[in-house]
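Report on the following structure.
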Amino acid sequence: MLDIKLIRTQPDFIKECLAHKQIADGAALVDEVLRLDERRRTLLVEVEQLKRTRNEDSQQVARLKRSGEDATEIITRTREIGDRISTLDAESRGVEAALESKLLEIPNIHAPDVPIGADESENVEVGRWGDVPQFDFEPRPHWEIGEALNIIDFERGAKISGSRFYVLRGVGARLERALIAFMLDVHTARHGYTEIFPPFLVRSESMVGTGNLPKFGEDSYNIPGDDLWLVPTAEVPVTNLHRDEILDAGELPIKYAAYTACFRREAGAAGRDTRGIIRVHQFNKVEMVKFVTPETSYAELDSLRRDAEEILELLELPYRTVELCTGDLGFKGTKAYDVEVWLPAQDTYREISSCSNFEAFQARRASIRYRPLDAGGKPGKPEFVHILNGSGLAVGRTFAAILENFQNADGSVRIPRALQPYLGGLEVIEV
RNA sequence: GGAGGGAUGGCAGAGCGGUUGAAUGCGACGGUCUUGAAAACCGUUGAGGCGCAAGUCUCCGGGGGUUCGAAUCCCUCUCCCUCCGCCA
């Protein structure tokens, strides 16, 4: 959520930012917010004046009654004021609710240095690591390798749960578990994150806090009778850990790493990535979430991205990192990097981590603040923290990348050295 | 699932429907005293909206209601606790 004061004072700037984000009705949205905000403040002034009068009158009633005098006249008069207040309050609540819901639909604005662009084709590559493997045979896609090794079972996954579900078995199941443990170990032991194991079901409020509701409800699975949602990412429960809290400046930065399964309906993805485990309804992911002071958030974004990249380096997987242009930045971010792993069979890099700074966008929605210290070290007024998050990494896609990058001509797959201890020393997966 | 009890400021804990945004204690911060510290004493100490400001309004788990007036009464939701049932 954006600061209403910013919209009020710089509406044209906001409209321009929304246009860069390719938001078609951005200007109309801003105008509607301005209109509602104006109306809200007008009502507020009027109703507050009436309430003041009522408060004074009520105290007058109290005085009269105490001294045993008659108060019926003033009570009658105040009753009318009360009715007027009820009417205005009702209208005020309506306007307030409308304003709130509009505000929740307005995307975040981008940081000033983000490249302007229409879509992902205008993202800017900012780094590249590792040598793309050369094969003296035609590299096979991970779904073929996985089935041949009898570690991925698509058919039975579909039987049990439908399309875009799969089953891991044997070494496959263990590899998945190994990756999760490995990633969490690196982030906690080397990168200083605190491990969190959150609930996989969250309430609507939590989804609103991170920006997954009200606009993107179709993307997630909802449990209708219970107002619960299956987490689309650990970002949702972990960010909401500190909802409605005021943190001490000394606690920041707070860095959490959490594994969860992630559930996504992929409603708009019909026909895309239908094969393999790149795009499925349930996948595992280790997520990093940071709560930081505003001055440090862009430096924290850089280190967050590095923390994700280092996992790939330790796993010997080639990747590149792109900075998202305004058109690809999405709803919540001010600035974001995608880390993309090399997938030989697709002959391309595919997103395996997305690292974003949201500045105060989520903090404002979820009311997560901290108490800054002034020059003399005294605690001041609460301010919103900046929140960032990034995948570290998408486990299923890492699994696929390992199969494809380390495949041998005979169908076996080499296990990267860093992962071997997590697989009982296994060096190669063989048929 | 059934039966009860509860939710108040950073924490603990009062609060006959009428100067209660809220006693008191602890904590924190500032000061006095001290070579320094402790103790003692004094003072300060919630959040938000509108407003240039003075100020004003709102908030005692959330929402709604009764009333001239609600932390206090009523309804409802959420969460927590105790007992029973069920259960990995």
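The structure presented is a predicted model; accordingly, all values stated were derived computationally and were not measured. Every chain is numbered from 1, with letters handed out A, B, ... down the list of sequences. Values below: all heavy atoms of this structure, side chains included; hydrogens, waters and symmetry mates excluded.
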B:G43 -> Watson-Crick or G-U wobble partner, both distances under 3.5 Å, gives B:C29

OP1 or OP2 of B:U58 less than 4.0 angstrom from a side-chain nitrogen or oxygen of A:Asn55, does that happen here? yes

With heavy atoms under 4.0 Å as the rule, sort A:Arg8 into base, sugar-phosphate or nothing. sugar-phosphate

Give the residues of residues 70-78 of chain A touching RNA chain B, defined as any heavy atom closer than 4.0 Å, sorted by residue number. A:Ile75, A:Thr78

Any side-chain N or O of A:Arg371 below 4.0 angstrom from OP1/OP2 of B:A47? yes

Quick one: A:Leu247 CG to B:G10 P, roughly how many Å, whole number? 13 Å

A:Glu38 CD - B:G49 P separation (whole Å): 18 Å

Taking the six-membered ring of A:Phe361 as reference, does the NZ or CZ atom of A:Lys332 fall below 6.0 Å from its centre and within a 45° cone about the axis? no

Report which part of the nucleic acid A:Lys381 touches: base, sugar-phosphate, or nothing (heavy-atom distance under 4.0 Å, all strands). sugar-phosphate

Which heavy atom in A:Leu304 sits nearest to a heavy atom in A:Gly390, and how many Å separate them? CD2-N, 3.8 Å

Name the pairing partner of B:C83, where a pair is Watson-Crick or G-U wobble with both distances under 3.5 Å, or state none. B:G2

A:Arg54 has a side chain; which of B:G18, B:A47, B:C68 sits nearest to it? B:C68

A:Arg52 vs A:Arg369, nearer the 5' end of RNA chain B by closest nucleotide: A:Arg369

Taking only Lys NZ, Arg NE, NH1 and NH2, and the carboxylate oxygens of Asp or Glu, determine whether A:Arg84 and A:Asp89 approach each other closer than 4.0 Å. no

Whole angstrom is fine here: how far is it from CG in A:Leu50 over to P in B:C68? 16 Å

Return yes if the base of B:G69 and the side-chain atoms of A:Gln59 contain a donor-acceptor N/O pair under 3.5 Å, otherwise no. no

Close side-chain approach of A:Pro253 and A:Lys290, heavy atoms under 4.5 Å: no

Gap between atoms CD and P, on A:Glu251 and B:G10 respectively (whole Å): 14 Å

So what does A:Arg203 touch, heavy atoms closer than 4.0 Å: a base, only the sugar-phosphate, or nothing? sugar-phosphate

Side chains of A:Thr334 and A:Asn108 only: does a donor on one sit below 3.5 Å from an acceptor on the other? no

Is the count of non-hydrogen atoms from other residues, nucleotides or ligands lying under 6.0 Å from A:Glu155 atom CD greater than 12? no

I'd like to know whether CD of A:Glu73 has more than 12 heavy-atom contacts from other residues, nucleotides or ligands below 6.0 angstrom. no

Under 4.0 angstrom between A:Arg40 side-chain N/O and B:C50 OP1 or OP2: yes

Of the nucleotides B:C50, B:G48, B:C57, which has the atom closest to the A:Pro382 side chain? B:G48

Round to the nearest Å and state the distance from A:Asp244 atom CG to B:C60 atom P. 15 Å

Start at the 5' end of RNA chain B and walk down; is the nucleotide closest to A:Arg93 or to A:Asp37 reached first? A:Asp37

Need the pair for B:U78. Rule: Watson-Crick or G-U wobble, both distances under 3.5 Å, any strand; none if unpaired. B:A7

Take atom CG of A:Leu43 and atom P of B:U58, then tell me their distance rounded to the nearest Å. 16 Å

Return the value, rounded to whole Å, for the distance between atom CG of A:Leu88 and atom C1' of B:U58. 16 Å

State which of B:G18, B:C68, B:U56 makes the closest approach to the side chain of A:Arg79. B:C68

Using the test ring pair (Phe, Tyr, Trp, His ring centres under 6.0 Å), find all partners of A:Tyr259 that sit at least two apart in sequence or belong to another chain. none

When rounded to whole Å, the CG to P distance for the pair A:Asp89 and B:G63 reads 13 Å

